[in-house]
Protein chains: 2
Amino acid sequence: MFFNLKSIAKELNVSVSTVSRVVNNKDNVNEETRARVLELLNKYNYVPNEVARSLKNQTTNMIGIIVPDITEGFFAQIIKGADQILTENGYFLIFCDSNECEIKEKHYMELLFQKRVEALVLATVSKNTKPLRMYIDNDIPVVFIDNLPNLSESYDAVLINNAKASALAVQHLISNGHERIAIIAGSQSETTGYERLNGYIRTLKSNGIEVDEKLIKYGNYKDDSGYRCMKELIQNKRDCDFTAVYVTSEKMTLGALSAIREEGLCIPEDLAVAACDFHDKSGLIVPGITTIVQPEREIGSLTADLIIRRLKEKKFSVKETEQETAKQTILLEPGLIIKESSGTVYKR
Amino acid sequence: MFFNLKSIAKELNVSVSTVSRVVNNKDNVNEETRARVLELLNKYNYVPNEVARSLKNQTTNMIGIIVPDITEGFFAQIIKGADQILTENGYFLIFCDSNECEIKEKHYMELLFQKRVEALVLATVSKNTKPLRMYIDNDIPVVFIDNLPNLSESYDAVLINNAKASALAVQHLISNGHERIAIIAGSQSETTGYERLNGYIRTLKSNGIEVDEKLIKYGNYKDDSGYRCMKELIQNKRDCDFTAVYVTSEKMTLGALSAIREEGLCIPEDLAVAACDFHDKSGLIVPGITTIVQPEREIGSLTADLIIRRLKEKKFSVKETEQETAKQTILLEPGLIIKESSGTVYKR
DNA sequence: GTGAAAGCGCTAACAC
DNA sequence: GTGTTAGCGCTTTCAC
């Protein structure tokens, strides 16, 4: 069906290896032969079969990436950042959307392994480390972004300092006069969720503010959990009056904001809001939402750099039994964008 | 390095084919043998090599998709819609971001072809149809979304009726009292850009409104072109007074809005705005932007359906020399979400 | 400078 | 029920 080396070789009465040499630009080919082969190659628009090449060379040049939701600006930007570097280096990014689903994530991990990706970038939503064994046992580099796994061995990761991110947001609220600050946290079995809550608690304590369990709600990062948590907080508002809320993800912030609006509360007069990873491309959201931002493109490009290094080390070590450099976690600094939503506390 | 059929077979003193039969769940295997093989397979965590399978079976189960920008909600949603159906049917979506760049698009088309994707979904930004020839000549199904190619032969496509989309938006502005309506159009060498301008012109005419060349600006869909066009329009506002503008893409709308804000104009009092594909997940943008919306998930799922059908037909036709059904363009209906930005004309 | 041959890991037709 | 064999398209070693 497709043209292949054999059909080209036969037509020219040369061997497959000669055609292969021409295709791969090797130099031990007679210039006249090369010209004849090249001509036919062009005429038939020959394109080498990468599947066969991959099998022979035991290398696919494919890197897999699995993220929970591609429609989130956070992940889309990371992918863009990684894709650029990877493409420049002759790799090919295969992207999968786990839809925040553990089963789907596992499924994709298996599929990508079957396809023999050379490395994996993983924003995991799973506590189950079993699917990872495949990769680890076969020495396939894995780089974690966003969430960290519950692994006993060391691993590579690129992410922000999540505790510091929370500290930044909470400290800002405090310096705006807020003391009763609620939090909508994420799942505590995920490191991101855990660290962000942790940063919140530590910052309150170091400012001499008591941590009130009633002001801590746990969502699951999905769209409606922010809404639900915010509703619960507001319903208890009388018992445990609070003037600000810190919401630890974009989707939950969206939900929380609509709950606040539904309850007829004004931001920031009735309730100040600080968010995490909130994206406002338009800059027209009113009130502007104060938010923690991550250097997403950089997370992507550093992840790509790390992968490329690991892959190089791997090739090298086979030949020279060189020691692989230690696994590392690259911690980037979060930023804080201050807008109106976190405005100073309303004094009654 | 990896476990393969051979190593498993050797250890059990059976043949490779027996192991293969067990792996593929064929029934002509002695139950006792099967058990022994299965045990070792599990012990070693054997995962079949899809690269080898693909080569042997001449089928990769991979579908490629190339879009101009994954960070646009429009494309992200389409991918989600397609991914779901494709995954359910045992296919695997490989996704590429051309970054609105013709060269990159071509590059990815070649790469995907080399990888032997079985079909391609293409939101093209290119006028050059040459890279397409590879696919067409080799009978690999291609489905176009968003933009249509300049091909002489017929092709498959799934998209909205873009002329109608513009008609919807412009008619709405007219019924709100606007008569002097500017447009920020897209590249006229792309069908989407052409059709949307076309719908604008026809709607004005059918309403007995004169089309004024000075009110037509051409952007390139990139972030800053909307800003530039809007600036130009506003600078000429005195000459050619207009009360509304229709911006034909999300990114250009973002640019136009910041130009409007910069010029200190109020929406909709000084200038009404209608957009295309504008996404506001938060619902908090003020003023709310009236926009054309597309059934993105449906575009994705219908595209996936079409591809699956084409692939089935292909398999079938080899065996039965069945006639392939005619290529088709599936035109979906655009929607209009009315918010404040398109408010009635301000009467002086 | 060129060709023959082996083999990457797998499947499937065929023989026993 | 099981094994042998050929071959998918390619690269590469080894002869010549």
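Naming: A, B, ... by sequence-line order, numbering from 1 per chain. Values reported hereafter were calculated over all heavy atoms of this structure, with side chains retained and with hydrogens, waters and symmetry mates removed.
Going from atom CG of A/L41 over to atom C1' of D/dC10 covers 14 Å, rounded to whole Å. In this structure, CG of A/L55 is placed 18 Å from P of C/dA6, rounded to the nearest angstrom. Put simply, CG on B/L5 is 15 Å from P on D/dT4, counting in whole angstrom units. Atom pair B/I8:CD1 and C/dG9:P shows a separation of 13 Å (rounding to whole Å applied). Taking atom NZ of B/K10 as the reference point, atom C1' of C/dG9 lies 14 Å away to the nearest angstrom. The separation between A/R53 atom CZ and D/dT12 atom C1' is 14 Å, rounded to whole Å. Across the protein-nucleic acid pair, A/L12 atom CG and C/dG1 atom P stand 18 Å apart, rounded to whole Å.
In the model, B/T59 has a side-chain atom that pairs as donor or acceptor with a side-chain atom of B/E118 under 3.5 Å.
Comparing the helix axis at one end of the helix from C/dG1-D/dC16 to C/dC16-D/dG1 with that at the other, each defined from 5 consecutive pairs, gives an inter-axis angle of 50° (nearest 10°).
For B/S15, no side-chain nitrogen or oxygen approaches OP1 or OP2 of D/dT4 to under 4.0 Å. The phosphate of C/dT11 (OP1 or OP2) has no side-chain N or O of B/Q58 nearer than 4.0 angstrom.
Judged by the 6.0 Å and 45° rule, A/R116 forms a cation-pi pair with A/F113.
Within the 4.5 Å cutoff, the side chain of B/E110 has heavy atoms near those of the B/M134 side chain.
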Between N or O atoms, less than 3.5 Å apart, protein on one side and nucleotides 5-7 of chain D on the other: list the pairs.
unit_1	atom_1	unit_2	atom_2	d
D/dG7	N2	B/K56	NZ	3.1

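Annotation: proximity of residues 19-40 of chain B to DNA chain C (heavy atom, distance under 4.0 Å) is found for B/S20, B/R21, B/N24, B/K26, numbered in ascending order. Proximity of residues 44-52 of chain A to DNA chain D (heavy atom under 4.0 angstrom from any strand atom) is restricted to A/Y46, A/P48, A/N49, A/A52.
Aromatic ring orientation, B/Y155 versus B/F144: perpendicular (interplanar angle above 60°, classes split at 30° and 60°).
For residues 35-55 of chain B, the salt bridge (Lys or Arg N to Asp or Glu O under 4.0 Å) pairs, not counting sequence neighbours, are B/E50-B/R53.
Not counting sequence neighbours, A/K115 has no partner by the salt bridge (Lys or Arg N to Asp or Glu O under 4.0 Å) test.
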